[in-house]
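This report concerns only the one structure given below.
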Amino acid sequence: MAALAAHSPPPPPPISPARSRRHGSFSCPSLRAFVSSRSVSPNAIIAGPTVSWYQKDKTSVSDYVIEGLQEETNWARLDADLHYWTKTLRPVQWYPGHIAKTEKELKEQLKLMDVVIEVRDARIPMATSHPQMDSWLGNRKKILVLNREDMISTADRNAWANYFARQGIKAVFSNGQLGMGAMKLGRLAKSMAIGVNVKRRAKGLLPRPVRAGIVGYPNVGKSSLINRLLKRRMCPAAPRPGVTRELKWVRFGKDLELLDSPGIIPMRISDQAAAIKLAICDDIGERSYDVVDVAAILVQTLTRHPEVGRFLSDCSGKLFNRYNIDADIFGGRMFLEKLALQLFNGDVSQAAFRVLTDFRKGKFGWTALERPT
Ligand SMILES: Nc1nc2c(ncn2[C@@H]2O[C@H](COP(=O)(O)OP(=O)(O)OP(=O)(O)O)[C@@H](O)[C@H]2O)c(=O)[nH]1
């Protein structure tokens, strides 16, 4: 938390009369009030390299507000800003003992697998991509699953489907809660490993079930997918990371065996923007991050999403509608402070937790936090 204060920018430059006039058309009273007061919280995480209105004379608050009215999220720019915002925060690292043990066991079990099903969180397909996964898998056949498809928009889904298709990877979208995509996954795993029993027969051996290992980051929905496929609760699943602690083979019919594995994550997460996204999506242990830092960054990220946090001239952004606080104006940290005063007797941690929970429940609409750029 203290690290965020280091972001404190000098006060914004005065708004020239010409610039003030540009705001004449805004009907939102808060925006008008803001523009006339020309003050922004010194604690706010307000600027990335591309929003440095307090650094450059030429850019002003007014430019920032007007830029916020763009029709679409500028994902490349958002990504750059996310890296900037996370630079001075306490690093997020999470590597509990059971993950180290799993990594070791998983490498052993890989030798037995005919096909590997890698599950990622559809909201953050890149942040939930393990940097060592491909080297562990070698030539082993892989199916990529983007789970939690219900938590992203159709545009997000299309963007990721096209992105992976361009790389020759067919991504399967699934919903581990309702089971959509689970049967398809079972069929795909069997069909991809069909050659196993062809070879066995050629050698005079009896056919055996195809073995598919399900791997991925914590809390992305691996156990849920298996349970949906089996139509039974065979594997422990719960809304927090690190529930599965042991590797476990389960049988699906007579010709498929599935390995449920605990979520794995690199020992050191070098990309801290990715680490914050894991925290926002609850894919990393709660104790590894500062909830206020993470929620403040979430608020600022959402201000870049049209319809969610954007400060429209009629104040119709979903963040504003839910809390009646102007995220675009106050920046993430001050937004939380205001929410804390409004609802939680000044307890900023509780306010931060509320914003994170609301995001995870889709209260601002369903949206991915990453798009291919
Ligand atoms: N909305 C939604 N929730 C899902 C989906 N898939 C799983 N969940 C929920 O996400 C939570 C985590 O699911 P798990 O199956 O335990 O995830 P896991 O990858 O096995 O987690 P670890 O044990 O940490 O490895 C559970 O509360 C599920 O109900 C999905 O597609 N959509």
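Counting convention: from 1, in listed order, for ligands and their atoms alike.
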Min N/O separation G242 to ligand 1 under 3.5 Å: yes

Short N-O contact, R140 and D114, less than 4.0 angstrom: no

Heteroatom distance test (N147, ligand 1): nitrogen or oxygen, under 3.5 angstrom: yes

Candidate pair D156 and S153, rule side-chain hydrogen bond (donor to acceptor under 3.5 Å, both in side chains), full reasoning: CA-CA 5 Å; D156 294 325; S153 68; 2.9 Å; yes

Heteroatom distance test (P218, ligand 1): nitrogen or oxygen, under 3.5 angstrom: no

I264, T244, T128: member with heavy atom nearest to atom 23 (O) of ligand 1: T244

Within 6.0 angstrom of E286 CD, more than 12 heavy atoms from elsewhere: no

Non-hydrogen side-chain atoms of F359 and T367 separated by less than 4.5 Å: yes

Within 45° cone of F344 ring axis and under 6.0 Å: R354 NZ or CZ: no

Atom 9 (C) of ligand 1: the protein heavy-atom neighbour that sits closest, reported with distance to 0.1 Å: R148 NH2, 4.0 Å

Closest to atom 22 (P) of ligand 1 (judged by heavy-atom distance), picking from N219, L225, I284: N219

Lys/Arg N to Asp/Glu carboxylate O, D358 vs K318, below 4.0 Å: no

Atom 19 (O) of ligand 1: nearest protein contact (heavy atom, Å): K222 NZ, 2.7 Å

Pair D260 + K248: basic N to acidic O under 4.0 Å: no

Over 12 foreign heavy atoms within 6.0 Å of CG, N345: no

Heteroatom distance test (V220, ligand 1): nitrogen or oxygen, under 3.5 angstrom: yes

D150 and ligand 1 - part of the residue with a heavy-atom distance under 4.0 Å: side chain

Under-4.0 Å salt bridge between D326 and K338: no

Heavy-atom neighbours of R200 CZ exceed 12 at 6.0 Å: yes

Protein residue, atom and distance nearest to atom 17 (O) of ligand 1, heavy-atom basis: G221 N, 3.1 Å

Heavy-atom proximity to atom 14 (P) of ligand 1, best of S261, P241, S224, G362: S224

Aromatic plane relationship, W136 with H130 - under 30° parallel, 30 to 60° tilted, over 60° perpendicular: tilted

Contact partition for C235 relative to ligand 1, non-hydrogen atoms under 4.0 Å: neither

Per-atom contacts, ligand 1 versus N175 - under 4.0 Å to a heavy atom: 30 (C), 31 (O), 32 (N)

Heteroatom distance test (P239, ligand 1): nitrogen or oxygen, under 3.5 angstrom: yes

Test of proximity, A237 against ligand 1: N or O pairs below 3.5 Å: no

Close-contact set for ligand 1 against M151 heavy atoms, below 4.0 Å: 1 (N)

Heavy-atom nearest neighbour in the protein, as seen from atom 11 (C) of ligand 1, with distance rounded to 0.1 Å: A238 O, 3.4 Å

Nearest non-hydrogen protein atom, atom 29 (O) of ligand 1: Q177 NE2, 3.5 Å

Closest approach of any protein heavy atom to atom 31 (O) of ligand 1, naming residue and atom: G176 N, 2.7 Å

Geometric N/O contact E149 with ligand 1, under 3.5 angstrom: no

CD1 (I194) with more than 12 external heavy atoms under 6.0 Å: no

Derivation and outcome, salt bridge (Lys or Arg N to Asp or Glu O under 4.0 Å), residues R304 and D81: CA-CA 11 Å; R304 307 294 184 83; D81 287 344; 2.7 Å; yes

Heteroatom proximity flag, G263 to ligand 1, N/O under 3.5 Å: yes

